[in-house]
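Values below: all heavy atoms of this structure, side chains included; hydrogens, waters and symmetry mates excluded. Chain naming here is simple, since letters A, B, ... match the order of the sequence lines and numbering starts at 1 in each.
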Amino acid sequence: MHLYIAKRVAALVPILFGLTLIVFFIMALIPGDPALAILGAYATPDNVARLNAQLGLDQPLPVQYVTWLTNLLQGDLGRSYSLNRPVLDEVLERFSATAILAGAALVLCTIFGLLAGIVSAVRQYGLADKAVTLAVLVGISMPSFWLGLLLILLFAVELRWLPASGMYAIYGGGDLPDLLRHLILPAVTLAAVATGVVARLTRSAMLEVLRQDYIRTARAKGLPERRVIYVHAFKAALVSIIPVIGIQAGFVLGGAVYIETVFQWPGIGRMLVQAISTRDILLVQGGVLVVAASYVLINLLVDVLQSLVDPRVKT
Amino acid sequence: MKPAAAPAPVEAPVDALDAPPRKRERRSFLRLLLRNRLAGVGLVVLSAIVAVAILAPILPLADPNATAPANRLLPPLTPGHLLGTDELGRDLLSRLVWGTRLSLSMGVAATLVAALVGSTIGLVAGYAGGRLDNALMRSIDMLMAFPYILLALAIVAVLGPGLLNALYAVAVVNIPFFARNIRGVTVGLAHKDFVESARLAGMGHGRILVSEILPNVMPVIVITMSTTVGWMILETAGLSFLGLGSQPPQADLGSILGEGRKVMLTAPHVTTIAGVTIFLVVMSINLVGDGVRDALDPRLSAGALARPSAVTRIARPKSEGADAAAAPTGDHALAVRRLSTRFEIGARVLRAVEDVSFTIRRGECLGLVGESGSGKSVTALSLLGLVPSPPGVIRSGRVWRAGEDVLSLPREKLRALRGGRVSYIFQDPLGTLHPLFSVGDQLVEAIRAHRPASHAEAWTQAVALLERVRIPAAADRAEALPHELSGGMRQRVAIAMALANEPDLIIADEPTTALDVTVQAQILALLDELRREHGLALLFITHDFGVVSQLCDRVAVMYAGRIVEEGPTAEVLAAPAHPYTRRLIACVPILGSGRRALDAIPGLPPAVDALPDGCAFAPRCPRATGACREGEIPPISVADGRAARCLYAGEVMREAREGSAA
């Protein structure tokens, strides 16, 4: 077990290295002169050259990469020119808001997706199955940004039950109940699609497993049907469900971009959209890198979880 | 919007590929697609939307970009503006139609780009294999290490906001799905005979890819396109919603929604109309896509995706013949009377077991012999209602045990019987033991399903059971998972599980077929020993007459769902009364005799959905006459305790005796 985890952690190094390469070189491909973007259209060529030298942009790309990577390893992602503060500070602060939102959505989609999928499989072709199938179809076809607007109209504008925006808790204002009140609508919106995907996959995984010979064995040895379904079939189905939940983690991290914009959640997705409009490349670079790295770590956790459920993968 | 669904479409196309669609099948594919009512609805809605989008230039619509500040935010159903106007007084209906046109074309264009690039990568990687494959797929994996939408954002950040750039970004993030799916299929094709022969014929790699492999991969590409085009439309709309896609005055559905958001509180109709439209487009595409995938999945039409219920469906006629309905007398462990089990798949009816009757006496071993597909396993599973249904149905018959009809028992009593008084051993112990529970835990479960015992007590008993089936170091082995044991050990575990509750009867369905010959002999010896030791009855199912001769007191021979001969093993072996039995015995190699009478039976068993009239063996039987091909042939008693369904049973027997005497 420990050996397996150690191996998986070691395998992270090349992946993370690859991530830095991609992020760096995508950003290096940007047409136009970053110094010019920073200084504005009225900069003199002299100023531009000086700033380029100051930023190290006159060096060949590989040298720039090494410098950038060295700085990165020391926790220096550069300085955001639009916010005039270190990129790392801004990114970490924003990321914590996104982590709360995405984490809540992931919990919601796992719980409700599993429940709906199991019910649907156990009552195959029954009323509950049809209801779940329909809900799943609606869920995965719904543009999440529109669903968010609908929920705001209903719960914030009409019913006035929940706030539509204004989450400041991560900046020290507000307490936990306040955070939760702000969290409900965006988390539900973000979870909607993912719940549909998990439910659909759980249904098909359960149906697949229920046809296996070992389920027949479980019945042949006289186990109660409850145990056959919720212990034998469910545990085997988890083997194919867990990776999909891992993929959903990536999905909610990315999908947060829309939801944060709709609910004005102060997360990294909204930061990225703003940074793209202001052409704050270093901020985009830092944001993308941190989110991608966190996704890689989540996948590691998923793999470890998988090996706990299915000891066969260790070998 | 649902990259996570990506793994799902991978499986179906690969399955579908095994049977490339022929013309006749293509028609049934359309029928299958339309039989799915939801897919039909999706197809209608989608066609309507596409038609309106295509016809947009010739429809009598207002200029979508003509502003009219005096008419801003008119509600729907205003004269002249069916859907009202937006915050600049532009006609919403017109903007909606043009926006749909733009969104659809963006989504389709992104899909085509992703399909072209992704499929090319997949084809090349799968065909070339080796280092190139490795390098390409590693890069694809790297792309997938990014959360889906984030990568699109990064690309837009590089290229700058704009319609085309959003299109490229969405196309790029979807390339991995195509590359992976298409590579998977190509790898399977790269070494098929027709590809090898094209290579030997001197065709270049490029030509082989295009003319030999591409046509076979095409269905997978189409399926992947149909399952991704919906999200690509959602994604491009999403980027436009964020202001990173289409730029004003040009508007797709996403940007109409994004602009409407600013006036959402005063004029919610703008966002609602745009949102509903996106939803309808994506939903109808998903419906059609699911329909296509299901229609191409052969398992669905075969009913193989249905969940088998805990007990086989039993649909017997209200009144049955007296010989079935009356409890048999005498000392038996189990008595089966006129059992018929069928698989009903749509209009097809497979008569897997037809009118089967036999009796197992206490402590007796009855062998049930037949070729694969003869119905012997289905017979075994029918006894305790373990045939999966759908599609299995028990259409008639009784299974008597201790004066009760097992098939009429309430569920709880049937459950208690399973693994209690009657237990099973199945063929392949790797597939029939749960892969994720230790064998000890699986034994504990079997014990605790029938007797109150703490986990610790049950564990002790489980270890004792493992010792009884001669598993060395049983206490350690109990902790093992099934895949950590050898085939022989696993089968011993299965036997231990069958013994767990001291049954009267064990039903063993080809318990040694999956094992090595030497291990087979050990397992058979163990079964025989345990049987004698505990005085339990055994229904032993096999295709091997050699095994029957070692183990069984009596034997019943099955062919095409019926028992064609039954009698004491030694007598049947000495003088079979049915030509089929005779052939089956001749298939057993005679050890040490210096000659192998491996005399295969000419022809194949009949399909059980197209049984001929009369004797099912007649088409393969050298002795068959016209009489054999008409009407039902009942079991004919040929000696004390012996019967055969053959009009010439007496002659066959006599001939066999003379033959063996000669």
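Of the two parts of B/Ala416, neither the backbone nor the side chain holds a non-hydrogen atom closer than 4.5 Å to a non-hydrogen atom of chain A. Neither the backbone nor the side chain of A/Val252 comes within contact range of chain B; no heavy atom of the residue lies under 4.5 Å from a heavy atom of that chain. Heavy atoms of A/Pro243 lying under 4.5 Å from chain B are absent altogether. Proximity to chain A is limited to the side chain of B/Phe426, based on heavy atoms less than 4.5 angstrom apart. Interface residue B/Met283: backbone and side-chain heavy atoms are both found under 4.5 Å from chain A. Proximity to chain A (any heavy atom under 4.5 Å) is shown, for B/Gln442, by both the backbone and the side chain. Heavy atoms closer than 4.5 Å to chain B are found in the side chain of A/Ile229, but not in its backbone. Contacts of A/Ala121 with chain B are made by backbone atoms alone, with heavy-atom separations under 4.5 Å and no side-chain atom involved. Of the atoms belonging to B/Ser284, not a single heavy atom falls under 4.5 Å from chain A. In this structure, no portion of B/Val311 lies under 4.5 Å from any heavy atom of chain A.
Counting heavy atoms from C-beta outward, A/Thr217 and B/Tyr424 have side chains that stay 4.5 Å or more apart. For the pair B/Pro388/A/Arg211, no side-chain contact is recorded, criterion being any heavy-atom separation below 4.5 Å from C-beta on. The side-chain heavy atoms of B/Leu381 and A/Arg216, taken from C-beta on, include a pair separated by under 4.5 Å. Contact annotation: the side chain of B/Glu445 approaches that of A/His232 to within less than 4.5 Å [non-hydrogen atoms, C-beta and beyond].
When each of B/Thr272, B/Leu417, B/Leu384, B/Val156 is checked for heavy-atom pairs under 4.5 Å with chain A, B/Thr272 comes out on top. Between chain B and the options A/Val157, A/Ile276, A/Val228, the largest number of non-hydrogen pairs under 4.5 Å is found for A/Ile276. Note: B/Ala310 leads B/Gly419, B/Ala310, B/Gly431 in heavy-atom pairs under 4.5 Å with chain A. Ranked by heavy-atom pairs under 4.5 Å with chain B, the first of A/Ile22, A/Ile15, A/Leu272 is A/Ile22. In terms of heavy-atom pairs under 4.5 angstrom with chain B, the leader among A/Thr261, A/Ile152, A/Leu21 is A/Thr261. For the set B/Ala154, B/Gly238, B/Ala446, the entry with the most heavy-atom pairs within less than 4.5 Å of chain A is B/Gly238. Interface check for chain A: of the options B/Gly420, B/Pro268, B/Ser309, the most heavy-atom pairs under 4.5 Å are formed by B/Ser309. Listed options B/Gly275, B/Gly254, B/Ser423 were ranked by heavy-atom pairs under 4.5 angstrom with chain A; first place goes to B/Gly275. Taking chain B as the reference chain and counting heavy-atom pairs below 4.5 Å, the highest number among A/Ile215, A/Val122, A/Val296, A/Asn299 is found for A/Val122. Contact count versus chain B (heavy atoms, under 4.5 Å) is highest, among A/Ala218, A/Ala292, A/Ala256, for A/Ala292. Interface summary for chain B: among A/Met206, A/Gln212, A/Arg227, the most heavy-atom pairs under 4.5 angstrom belong to A/Arg227. Interface remark: of the candidates B/Val276, B/Leu481, B/Ile425, B/Val276 forms the most heavy-atom pairs closer than 4.5 Å to chain A.
In this structure, the side chain of B/Arg418 does not engage the main chain of A/Lys221 through any donor-acceptor pair within 3.5 Å.
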Inset, instruction - Give the C-alpha distance, both sets of side-chain angles, the deciding distance and a yes or no for side chain to side chain contact (heavy atoms under 4.5 Å, CB included) between B/Leu257 and A/Leu149. - result: CA-CA 10 Å; B/Leu257 190 59; A/Leu149 295 179; 4.3 Å; yes
Legend entry - B/Leu265 and A/Leu153: CA distance, side-chain angles, deciding distance, side chain to side chain contact (heavy atoms under 4.5 Å, CB included) verdict: CA-CA 8 Å; B/Leu265 297 185; A/Leu153 277 178; 4.3 Å; yes
Inset, instruction - Start with the C-alpha gap between B/Leu436 and A/Asp310, add the side-chain angles, then the distance that decides, and say whether side chain to side chain contact (heavy atoms under 4.5 Å, CB included) holds. - result: CA-CA 6 Å; B/Leu436 304 178; A/Asp310 185 357; 3.2 Å; yes
Inset, instruction - Let me see the working for A/Val288 and B/Leu150 under side chain to side chain contact (heavy atoms under 4.5 Å, CB included), right down to the final yes or no. - result: CA-CA 7 Å; A/Val288 170; B/Leu150 190 74; 4.0 Å; yes
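The two atoms that bring B/Pro147 and A/Gly250 nearest to each other are CB-O, 3.3 Å, heavy atoms only. Here the shortest heavy-atom pairing between A/Leu19 and B/Met142 reads N-CE, 3.4 Å. Residues B/Ala449 and A/Gly222 share a closest heavy-atom pair of CB-O, 3.7 Å. For the residue pair B/Ile278 and A/Pro143, the shortest heavy atom distance occurs at CG2-CG, 3.5 Å. Closest of all the heavy-atom pairs between B/Arg261 and A/Val262 is NH2-O, 3.6 Å.
For B/Arg451, the CZ atom sits in a packed shell: over 12 heavy atoms of surrounding residues, nucleotides or ligands are nearer than 6.0 Å. Applying the 6.0 Å contact sphere to CZ of A/Arg123 captures no more than 12 heavy atoms from other residues, nucleotides or ligands.
The side-chain hydrogen bond (donor to acceptor under 3.5 Å, both in side chains) search around A/Arg219 returns A/Glu225, not counting sequence neighbours. Scored by the ring-ring contact (aromatic ring centres under 6.0 Å, His included) test, B/Phe146 finds no partners at all (sequence neighbours excluded).
For the pair A/Lys235 and B/Phe437, the distance from NZ or CZ to the six-membered ring centre is under 6.0 Å and the angle to the ring normal is within 45 degrees.
In this structure, a donor-acceptor pair under 3.5 Å is present between the side chains of B/Asn286 and A/Ser141.
Distance check: A/Leu253 CG to B/Ile149 CD1 gives 10.0 Å after rounding to the nearest 0.5 Å. Rounded to the nearest 0.5 angstrom, B/Leu433 CG and A/Asp213 CG are separated by 10.5 Å. To the nearest 0.5 Å, the span separating CG on B/Leu242 from OH on A/Tyr258 amounts to 6.0 Å.
Taking the six-membered ring where the residue is Trp, B/His434 and A/Tyr214 present tilted rings, their angle falling between 30° and 60°.
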